[in-house]
Amino acid sequence: MRRPVCALFAGALGAQLIAAFEPQAGFWPLAALFGFAGLVLAAGGRARGYGLWLLLGAALGLGFSVRTGAQFSALTERYDGRTVRLTATVEDVQEGYTRATVRARLRVETADGEAAAFCCQCDGLPLCEAGETIEGWFSLEAPAQADRPGRYADGVALLAEYERGFRRMGPGRGFRAWSARLQVRLSAALCQALDGDEAGALAAMIVGDRTHITPELNSAYRAAGLSHVLVVSGMHVTILCGVALPSWDRRRWLERGQQLAANLPGNLGAGLHRRLGVRLIQLQLSEPRPARGGFHPALVWRRRLTALWPVVLAALLTGITGFTPSVLRAGAAVCIGALGVWLMAPADPLTSLAVGGLAMSAFNSYAVCDIGFELSFAAVAGTLAGAELVRRRSARRASRDEEGRPRPLALRLASRLWDAVWEAGCITVCASAATFPVLVARGLSTSPYALLSGVAVLWLVQPMMMLGIAAALTGMVPALGPVYRACAWGAAFLVRLLNGWAEMVAAWPGAELAFDTSYAALVSLGLMGLCWLAFRWRVRARVWLPALALAAAVGVGAGVWLSRDVVQVELVGGARTPSVVLAQNGQTVVLYRGGSSGRSAVERWLARHGQEQAVLLVDLRMDPSRTNQPPARRVVTPGRFEPYTDYQTALGGIRLDMLRTSGGVGVRVTVDRWRLGAVSGEFELAGTAVVDWLLASPSSPAAFRWEDMLALGRYDWMRADAPPAPARLWLRPGGGTKTR
């Protein structure tokens, strides 16, 4: 049953990803997917069944996508561009761009007095807390086309801009509101005796509260390949359920106690050994419990009831952390495991993974577009592959030990230590290799030191979480102050070691690498093919690991060389205030048009590409405010110039010519032989400037004449029959162009 379910999930996953990321050109990729499934079905033999399940999965995924797309389209058609009075529950709160505002995700209950049920993101909400119900007037806008998969994956249907009439109406109702308030209480209890980066990292790892994490610490963890540690995921769910519900086998613990007693000196060891021995004899001589149908009902029901406790813990952690897809995936795996206990049929890991993905995408097909969802599934698949390699090696080692003579104690201890290091390294390598294609295919930066970090410090996470959970719980009870301080000190010490490692690795050369997504996809497919061949041909790890590392190094080096001097141009933010990001050789120029959503989009773009701030920011607003600008080393504000003042500057191969008129600002960007134009406000010229590409916005571009255009939406000055414009552009000096 495992392989058919996996084929079903693979087909559904492929169809949903194609429908989400290629909404305009989705026909041919979908046709290729269905054609491949048809070829497998027609191949005959054992492959015919897999082809049928793959075909059914693709059809199922397409159905999920059509239903989810219709739901979001209906919300967009009804509310896009409107200003409405909303009553909503604050689900998640992050630090705002000013002291008087926060960034929040809102669960809307009513819109203009009518019942509603959708989520929106507001990056300029007046001060409030998670779990509260608020009311006010907001202007709603649909996310940009390129930004929709990520927004919809989080359940965010619209972007909200606060207008007026804000009112706090007290605690919200429902499980999500209650769990959000519990998250605030747990975070405050955990951090009451901590401060700085220790408090921020612990709050993020234990309860998913990222409000205390500094951009510098976040960047350091990303450069060290440990950014997944700061996000509550399946690893955290597994540790929590394991800590709260350890396996308890009386006979095994008695045998271990007997071994310990044998090593204790004097009468203490003899007395303990005698008592444990008597207890073991009693267990062996006791009559077995009556069995019915081949099993003991009392034992079965005890295990069934015990299996429900991890489900409760997983549900609680899922609510506290905001129903993120990675935690939902782990929670689904816990529920499937509990179902296996109730049905007396242990759940297979791959089956649990596939069924969990199908269950999540059934409610929201865009869940497969969440980077946390994709990384979580890839990491689990890589971990299972690494565990299989470890099992094969252990089997070979056991067969050799049976045939050989006993080895000295020192040699056996050294062998056990090497086995532990090899197991951790093998699993980490496989997990990193599985997540690498996701990172590079999604345009995210990746760390070449992720493997080293995984082997060196990931073992700290489990004891740190155990101490952190204990500190959060005891911190809520004043009478347990001494216990809280001891647990908090221990957790802070371990997280200080983890922070120190991340900061040290972040300073190493080449700590973050970014690649062109198309090239990265080809390299990733090649590496995955090599891994599959090594697994299929049972190649020894000492052979295929160096070969894989060499192939990855060649691919990475070629990618760095091919992307050198290429200028990437991308529109980010909302359609009303689209900002422009130009990047070349790790240096970024931002043409900023304002808006809370615009600033958030710029910061997300910088974070995805491993940059703390832009090198140059040009604020195109006529009334710029430094308190609402993305971080940048250097800022130019043409709006503050005197009318009809021009200004020139350059960064690498990017040259900018700016002109401030009485009513607006115009910018001409020169990259090699190409010219790009952008306007803000009412920008008029006596003549017409010729550019190759227009970086479109709601402002009239009558001052420019252009050949092609980048845009995030349709504007009033556009022709009604104009085709949809791309939002990304790549320019290779001395070469060609590519759009998407």
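Because only heavy atoms are used, hydrogens play no part in the values below, and waters and symmetry mates are left out as well, while side chains stay in.
The side chain to side chain contact (heavy atoms under 4.5 Å, CB included) test with L106 singles out one residue from L158, V90, T87, and that residue is V90. Shown are R633, Q568, Q611; of these, the side-chain hydrogen bond (donor to acceptor under 3.5 Å, both in side chains) with T588 is made only by Q611.
Inter-residue side-chain proximity for K738 and L729 is flagged as unmet; no heavy-atom pair is nearer than 4.5 Å. For the pair R675 and V690, the minimum side-chain heavy-atom distance is 4.5 Å or more. With a 4.5 Å cut-off on side-chain heavy atoms, V581 and V569 do not count as touching. Side-chain contact between R82 and L140 is absent, with no heavy atoms from C-beta onward closer than 4.5 Å. Taking 4.5 Å as the limit, some side-chain heavy atom of Y592 sits within range of a side-chain heavy atom of P630. Residues P701 and W717 form a side-chain contact, since some pair of their non-hydrogen atoms from C-beta on lies under 4.5 Å apart. Side-chain atoms of D708 and W706, non-hydrogen and from C-beta on, never get closer than 4.5 Å to each other.
For CZ of R564, the number of neighbouring non-hydrogen atoms (other residues, nucleotides, ligands) closer than 6.0 Å is 12 at most. For D716, the CG atom counts as loosely surrounded, since its 6.0 Å shell holds 12 or fewer non-hydrogen atoms of other residues, nucleotides or ligands. Atom CZ of R168 sits in a crowded spot, with more than 12 heavy atoms from other residues, nucleotides or ligands closer than 6.0 Å. Environment of CD in Q648: crowded, with over 12 heavy atoms of neighbouring residues, nucleotides or ligands closer than 6.0 Å. Other residues, nucleotides and ligands place no more than 12 heavy atoms under 6.0 Å from the CD atom of E682.
Under 4.0 Å is where a charged nitrogen must lie from a carboxylate oxygen, and between D147 and R604 at least one such pair does. Of the charged side-chain nitrogens involved, at least one lies within less than 4.0 Å of a carboxylate oxygen, so that D657 and R655 count as a salt-bridged pair. Salt bridge absent: R673 and D692 never bring a charged side-chain N and a carboxylate O closer than 4.0 Å. Using a 4.0 Å cut-off between a side-chain N of Lys or Arg and a carboxylate O of Asp or Glu, R621 and D619 qualify as a salt bridge. Between E95 and R210 there is no salt bridge, since no side-chain nitrogen of the basic residue lies less than 4.0 Å from a carboxylate oxygen of the acidic one. Ionic pairing of E135 and R85 is present here: one or more N-O contacts between side-chain nitrogen and carboxylate oxygen are shorter than 4.0 angstrom.
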* **Residues L731, V566; criterion side chain to side chain contact (heavy atoms under 4.5 Å, CB included); working and verdict** => CA-CA 6 Å; L731 304 172; V566 173; over 6 Å; no
* Please report the C-alpha distance between C120 and L159 in whole Å, then the side-chain angles of each, then the deciding distance to 0.1 Å, and finally whether the side chain to side chain contact (heavy atoms under 4.5 Å, CB included) criterion is met. => CA-CA 5 Å; C120 60; L159 304 179; over 6 Å; no
* To do: Evaluate the criterion side chain to side chain contact (heavy atoms under 4.5 Å, CB included) for residue pair V679 and F704; output intermediate values, then yes/no.
  => CA-CA 9 Å; V679 299; F704 288 109; 3.3 Å; yes
* Audit row: V636, L617, side chain to side chain contact (heavy atoms under 4.5 Å, CB included) steps and yes/no -> CA-CA 6 Å; V636 178; L617 185 139; over 6 Å; no
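Atoms CG and CD, from N364 and Q16 in turn, are 9.0 Å apart once rounded to the nearest 0.5 Å. The CG atom of L712 lies 9.5 Å from the OG atom of S579; values are rounded to the nearest 0.5 Å. Between L591 atom CG and L656 atom CG the span is 6.0 Å, to the nearest 0.5 Å. If you take OG1 on T133 and CZ on R167, they are separated by 10.5 Å, rounding to the nearest 0.5 Å. Between the CG atom in L694 and the CG atom in L710 there is a gap of 8.5 Å [rounded to 0.5 Å]. One finds the CD atom of E91 at 10.5 Å from the CD atom of Q121 (value rounded to the nearest 0.5 Å).
In summary, the side chains of E132 and T89 do not present any donor paired with an acceptor at a separation below 3.5 Å, with no hydrogens or angles considered. Neither side chain, E216 nor N218, offers a donor N or O lying under 3.5 Å from an acceptor on the other. Counting only N and O atoms by type, the side chains of W605 and E570 include a donor and acceptor under 3.5 Å apart. In this structure, a donor-acceptor pair under 3.5 Å is present between the side chains of R634 and T649.
When every heavy atom of A130 is checked against every heavy atom of V93, the shortest pair comes out as N-CG2, 3.6 Å. For the residue pair G131 and A180, the shortest heavy atom distance occurs at N-CB, 3.8 Å. Considering all non-hydrogen atoms of both residues, P638 and R660 come closest at O-CD, 3.5 Å. The two residues A111 and L86 come nearest to each other via the heavy atoms CB-CD2, 3.7 Å. Nearest heavy-atom pair, S65 versus S365, reported as atom, atom and distance to 0.1 Å: CA-OG, 3.4 Å. Nearest heavy-atom pair, P578 versus Y715, reported as atom, atom and distance to 0.1 Å: CG-OH, 3.9 Å.
For residues 633-663, the set of pairs meeting the ring-ring contact (aromatic ring centres under 6.0 Å, His included) definition, not counting sequence neighbours, comprises F641-Y647.
Classified by interplanar angle (parallel below 30°, tilted 30° to 60°, perpendicular above 60°), the ring pair Y162/F166 is perpendicular.
In summary, the aromatic rings of F118 and F72 are positioned with their centroids too far apart to meet the 6.0 Å limit.
The backbone N or O of T737 lies less than 3.5 Å from no partner atom in the side chain of R732, so there is not a single donor-acceptor pair.
Remark: R576 pairs with S139, E141 by the side-chain contact (heavy atoms from CB on, under 4.5 Å) rule, at least two apart or across chains.
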